[in-house]
Each structure stands twice: as C-alpha cells, then as structure tokens.
Protein chains: 2
Amino acid sequence: MAAQPSSETGPRRHAVQLSPMQVPKASDVLADDLRERIIRGEFPEGTALPPERELVSQTKMSRTTVREALRILEVQGLVRVKTGRSGGAFVYRPGKDTVADSVNLLIRGRQIRIPALLETREAIEPYCAQLAARNRTDEDLERLDQANTDIAADGTLADFLQANVDWHIAVAAASHNELLTGIMLALSRSIYDATDNQGFVDAEVRRTTLRAHRTVTKAIRDQDPDAANRRMSRHVHTYAEAVLEVEDRTTVTVPET
Amino acid sequence: MAAQPSSETGPRRHAVQLSPMQVPKASDVLADDLRERIIRGEFPEGTALPPERELVSQTKMSRTTVREALRILEVQGLVRVKTGRSGGAFVYRPGKDTVADSVNLLIRGRQIRIPALLETREAIEPYCAQLAARNRTDEDLERLDQANTDIAADGTLADFLQANVDWHIAVAAASHNELLTGIMLALSRSIYDATDNQGFVDAEVRRTTLRAHRTVTKAIRDQDPDAANRRMSRHVHTYAEAVLEVEDRTTVTVPET
DNA sequence: CCAAGCATTTGGTCGTACCTAAATTAGCAT
DNA sequence: ATGCTAATTTAGGTACGACCAAATGCTTGG
C-alpha cells in the first residue's frame with residue numbers, strides 16, 4: 001500500500017516523510033480523556049460515570065474497549081467499580097494510597113534494602129516534624145497524644161508497631177503537606193512490613209521509643225520547629241541504627257530466588 | 001437458595017454464620033499471580049509472557065479476562081505489550097517511572113500547591129546531597145559536572161530548566177538510594193512543569209543557581225556530607241523563596257475550572 | 001405495615017469472528 | 001545470485017452477542 005523508503009538509493013515516488021506512525025489504542029484514548037476530566041474536577045468525587053453500555057452507545061466503542069479503559073482508571077485509583085444495580089464506576093480523586101502502592105511495588109520489585117528505606121525516612125521525617133511544629137492544629141495534637149497513649153499501653157507486638165506507625169503518620173499529617181504525608185504513608189507501610197518479623201522490639205526499645213516520641217511531641221506542641229527537627233532526626237537515626245545492628249546479625253540468611 | 005439471616009427474630013434453621021463473602025474478580029486473580037511472580041524475579045527482565053491465547057488455554061479463562069489482567073500489569077508498569085508477530089507482553093521490573101506517575105496524579109488531582117512541592121524538596125534534597133557526598137563515585141561526579149556546564153551554556157529557558165533538573169537528579173542518583181532517586185524524579189518533573197511558564201528565570205537567577213550548584217558539587221566531590229547538606233539546604237530554600245515571591249505576585253489569576 | 005420473592009439494572013465472564021501490526025518466508029523480476 | 005515485492009504467519013486490538021452474578025428496587029401476599 002504505502003511507498004516504503006526502502007533504502008537511501010531507492011526511487012522515492014514522493015517526497016513525503018512520515019514519522020513511524022503511532023496509533024494509540026482506543027481504550028487508552030478513552031482512559032486519557034476520562035482521566036483528564038476527573039483530574040480537572042469535572043466530576044465531583046463520588047459521582048457515578050455512565051454505565052458501561054451507556055458509554056458504549058455514547059463513544060461508539062465496543063464494550064471490551066470501554067471496560068479496559070475503566071480498568072485502567074481503576075488501577076490508577078481514579079474510579080472504583082461496584083457491581084449490581086445502581087453500581088457502576090464511581091469517581092475518586094487520586095489519593096495517597098496510589099502513591100503508596102507504587103512505592104511498595106518499587107521497593108519489592110527492585111529489592112530495595114531496609115537501609116535505603118530508613119535513609120529515606122531520615123531524610124523526610126525531621127522536616128515533617130519541623131513543619132508540624134509550625135502548622136499543627138489542636139486536633140493534630142490530639143492524634144499525636146492518642147498514638148502515644150496507645151504506645152504506652154502494653155499490647156502485642158502488632159499493636160505496638162501499629163501505634164508507632166500511627167504516631168509517625170500523625171506527625172506527617174500535622175505538617176499539613178499532603179505530598180509529604182502521602183510519601184510517609186507509603187514508607188511507613190513498607191517499614192512496618194520490613195520490621196514486622198524482625199523481632200528486635202523489646203521492652204527497652206518500647207520505652208526508648210515512647211520517650212523520644214514524647215519529646216518530639218512536646219516540641220510540636222510548643223511550636224518549636226528547630227527542636228522538633230533535631231529531636232526527630234535523633235530519634236529516627238537511633239532507630240535506624242538499632243534496626244541495622246539487628247540486620248547485620250541476621251543477614252546470614254538471604255532469601256533469594 | 002441460601003438461608004438468609006433475615007432478622008434477629010427470624011427462625012435460624014442452622015447456626016452457620018458466613019462472612020459477607022468476597023469473590024475476587026478472575027482478572028485480578030490472574031494479575032495478582034503474575035505480579036507476584038514478576039516481583040519475585042521468576043521471569044528475568046525482558047522475557048515474554050506466553051501469548052494471550054496460550055494463557056487462555058493454560059488458565060481456562062476467557063481472553064477478555066486474560067487481557068484485562070495484562071492491562072492491569074501494564075498500567076502498573078510490570079509489563080509492556082507490543083503488537084505484531086513475536087510481540088506479546090514483556091516483563092519489566094517496576095521502575096521509578098511508576099512512582100513518578102502516581103505522584104504526578106496525586107499532585108494534579110489533589111491540586112497540590114507549589115509551596116507544598118517546594119517544601120517536599122526542601123525535606124529531601126539536603127539529605128540526598130549528604131548521602132551523595134558519602135557515596136558518590138567518579139561517574140556521579142562526571143554527570144554533575146556535565147549538568148553544570150550545560151547550565152552555564154547560554155541556552156533557551158527550556159534548556160536551562162532541563163539542565164537544572166538533570167543536576168538535581170544527578171545529585172539524587174549519586175546518593176545511590178533508588179527510592180530517594182525515584183521520589184526526586186517524580187518531584188522534579190512536577191516542579192519543572194510548575195515552574196515552566198512562570199518566567200521568573202532571568203540571568204541573575206541563572207548565575208546564582210550555577211554558583212550554588214558549584215559549591216554543592218564541590219562539597220560532594222570533597223566528600224563533605226555536612227557541607228553538602230548545609231549548602232543544598234540553603235540553595236533550595238533560596239530558590240523556594242524566589243519562586244514563592246513570584247507566586248504571590250502572580251496569584252491574581254487562578255485558572256480554575 | 002412488613003417481609004419474602006420477583007424483576008431490573010449493572011458489572012463480570014465467555015466465545016467467536018474479524019481487523020491490524022510486525023516479522024518471516026516465498027516468489028518474482030532483474 | 002540479488003533484491004524488492006507480496007503472501008503468510010503470528011500476535012495483539014476491536015467488536016458483537018450471549019449469559020452469569022450481584023445488588024437494589026419493587027411488588028405482592030400475609
């Protein structure tokens with residue numbers, strides 16, 4: 001059909017030059033369009049997109065295509081699909097969960113080591129605490145205190161770790177920076193998973209943690225950004241060192257392949 | 001068919017109690033399985049999954065289902081699909097791009113403001129510089145120098161911004177922490193987009209930027225983590241203030257809906 | 001008035017047919 | 001023999017059409 005350039009010496013019938021020709025997939029086109037509208041806020045959160053068959057008749061695409069488009073958006077966390085009558089695809093603004101998921105994928109797939117996780121945390125959390133000290137509201141303080149009492153309560157290991165994570169997240173939330181909060185959320189989940197069956201958390205660690213949290217919380221309450229930063233920095237650094245020490249002792253077994 | 005509990009006063013035929021029953025979607029099951037295998041490294045990067053029709057006969061699922069599963073993995077960046085003979089789904093390890101994409105979604109969808117972006121950068125980059133000073137190799141230094149000469153060259157605005165981003169990414173890369181690098185990659189892209197048509201970059205800004213980059217680069221070369229952290233902190237903070245100043249002046253027009 | 005059962009809406013799965021893209025192979029002309 | 005063209009083959013992309021399963025709403029009988 002088309003005249004190919006064949007080679008430099010070939011007889012060029014026409015001087016037309018075409019780029020390699022990119023034919024986007026129909027489902028991507030639909031997905032891109034819907035995504036753009038969702039992000040622009042054209043549909044408020046929670047509204048239902050038209051049912052699949054309706055979209056079919058509107059777009060003149062096949063149902064297969066429409067469904068693939070919806071699936072793409074679902075994976076990206078832009079819609080949630082419910083079955084049944086008055087079901088359908090409901091619009092959600094992209095959330096921190098999506099970021100957390102992809103970070104987790106990165107971590108697991110690239111075999112990111114715990115040290116790297118802890119380093120990242122050391123980078124982010126002190127600044128979070130600093131911002132928290134500047135921007136915290138009274139509700140933020142309540143959440144922090146709640147997490148601290150949960151930590152103080154002698155519960156199971158899982159309880160302790162959860163309360164621990166809650167506190168760190170609360171600090172991030174108190175920074176009132178959604179992006180930082182999202183990243184911390186992702187990190188926390190992964191650090192939790194990595195630290196879970198690492199059983200180095202004894203009573204001593206718990207007490208130390210609680211004390212550190214209290215001092216940081218106080219700095220945040222007193223709106224002392226500098227102290228908050230410094231103390232948090234110290235805390236996460238100490239924690240990291242403790243974890244790494246255990247790591248080194250346990251690194252005999254590398255579960256690979 | 002099934003005996004419903006109907007109400008508390010109803011005649012319970014049997015004492016059996018069932019949880020609300022969650023039936024995972026077939027495509028999700030397949031996707032989960034494949035994802036798990038990919039992440040575990042069962043298939044080395046670049047290998048082709050069996051063709052769709054082959055998967056159909058293996059899994060006894062319909063082609064629709066198989067295709068949806070593949071689409072999910074594609075969106076998550078775990079496979080790339082090529083058409084044509086000897087095409088198919090090729091395995092890729094999850095990369096930083098995926099994280100960058102989701103961060104961008106979060107930023108655009110949640111209308112994250114530039115200040116929040118800059119704050120996040122202020123949190124991460126100094127520590128990146130610190131790690132870079134500790135872990136940098138000679139190749140890292142080469143990339144940094146290259147970016148700096150690119151910045152020095154009097155090019156277009158886009159050229160300058162690109163070179164600027166390259167340098168910051170190079171710093172992150174020199175930290176040899178893939179996670180931090182991934183996050184910085186995502187941030188840079190977004191900051192680039194946000195700063196692009198903000199036209200506050202004049203010759204003065206360029207000169208200041210170059211000077212700051214040089215001092216940080218020197219600290220990294222000299223393997224002085226403390227200085228690297230301090231100087232980078234100063235640099236990004238200054239830059240942030242400059243951007244915010246322009247922001248305040250320009251905030252007259254808020255292009256919304 | 002209320003609950004059991006039916007009907008409807010809407011997503012989920014399946015199967016088949018056909019189109020299109022890309023690589024290989026066969027064929028034809030020089 | 002060479003080199004271009006055309007057919008073939010393999011794979012994904014799209015389109016219908018049918019039917020299943022779940023959730024809700026509606027109706028009807030008590």
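Given the structure is predicted, the values throughout are model-derived calculations rather than measurements.
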Phosphate OP1/OP2 of D:dG25: any A:Ser86 side-chain N/O under 4.0 Å | no

Over how many whole Å does the gap from B:Lys82 atom NZ to D:dT10 atom P extend?
-> 18 Å

The residue, A:Arg85 or A:Ser62, whose nearest nucleotide of DNA chain D is more 5′ is A:Ser62

B:Phe90 CZ to C:dA22 P, straight-line distance once rounded to whole Å = 13 Å

Please check if the side chain of A:Asn177 supplies one atom and the backbone of B:Ala116 the other of a donor-acceptor pair under 3.5 Å.
-> yes

Is a donor on one side and an acceptor on the other found under 3.5 Å between the side chain of A:Asn135 and the backbone of A:Ser175?
-> yes

Nearest-Å distance, CD (A:Glu54) to C1' (C:dT10)?
-> 12 Å

Can you check the A:Glu68 CD to C:dG11 C1' distance for me, whole Å?
-> 15 Å

Is the phosphate of D:dA15, meaning OP1 or OP2, less than 4.0 Å from a side-chain N or O of A:Thr65?
-> yes

If you check the B:Met61 side chain, which of D:dG13, C:dT13, C:dC14 turns out closest?
-> C:dC14

Criterion salt bridge (Lys or Arg N to Asp or Glu O under 4.0 Å) on A:Glu119 and A:Arg113, from CA distance to verdict | CA-CA 10 Å; A:Glu119 276 177 4; A:Arg113 303 275 165 217; over 6 Å; no

Look at the side-chain N and O atoms of B:Arg53 and state whether any lies under 4.0 Å from the OP1 or OP2 oxygen of D:dA11.
-> no

Take atom CZ of A:Arg67 and atom P of C:dC14, then tell me their distance rounded to the nearest Å.
-> 11 Å

Tell me which nucleotide among D:dT14, D:dA11, C:dG11 gets nearest to the side chain of A:Ala26.
-> D:dT14

Can you tell me how far P of D:dT14 sits from CD of B:Glu52, to the nearest Å?
-> 11 Å

Grab the CD1-C1' distance between B:Ile72 and C:dG12 for me, whole Å please.
-> 12 Å

Pi-cation contact, A:Phe90 with A:Arg80 (under 6.0 Å, within 45°) = no

Rounded interatomic separation in angstrom, taking CG from A:Leu55 and C1' from D:dA15 = 16 Å

Does B:Arg63 make a side-chain N or O approach to OP1 or OP2 of C:dC14 shorter than 4.0 Å?
-> no

Approximate separation, where rounding is to 0.5 Å, of A:Leu30 CG and A:Thr65 OG1 = 8.0 Å

Given that B:Val81 and A:Lys60 both sit by DNA chain D, which one's nearest nucleotide is further toward the 5' end?
-> B:Val81

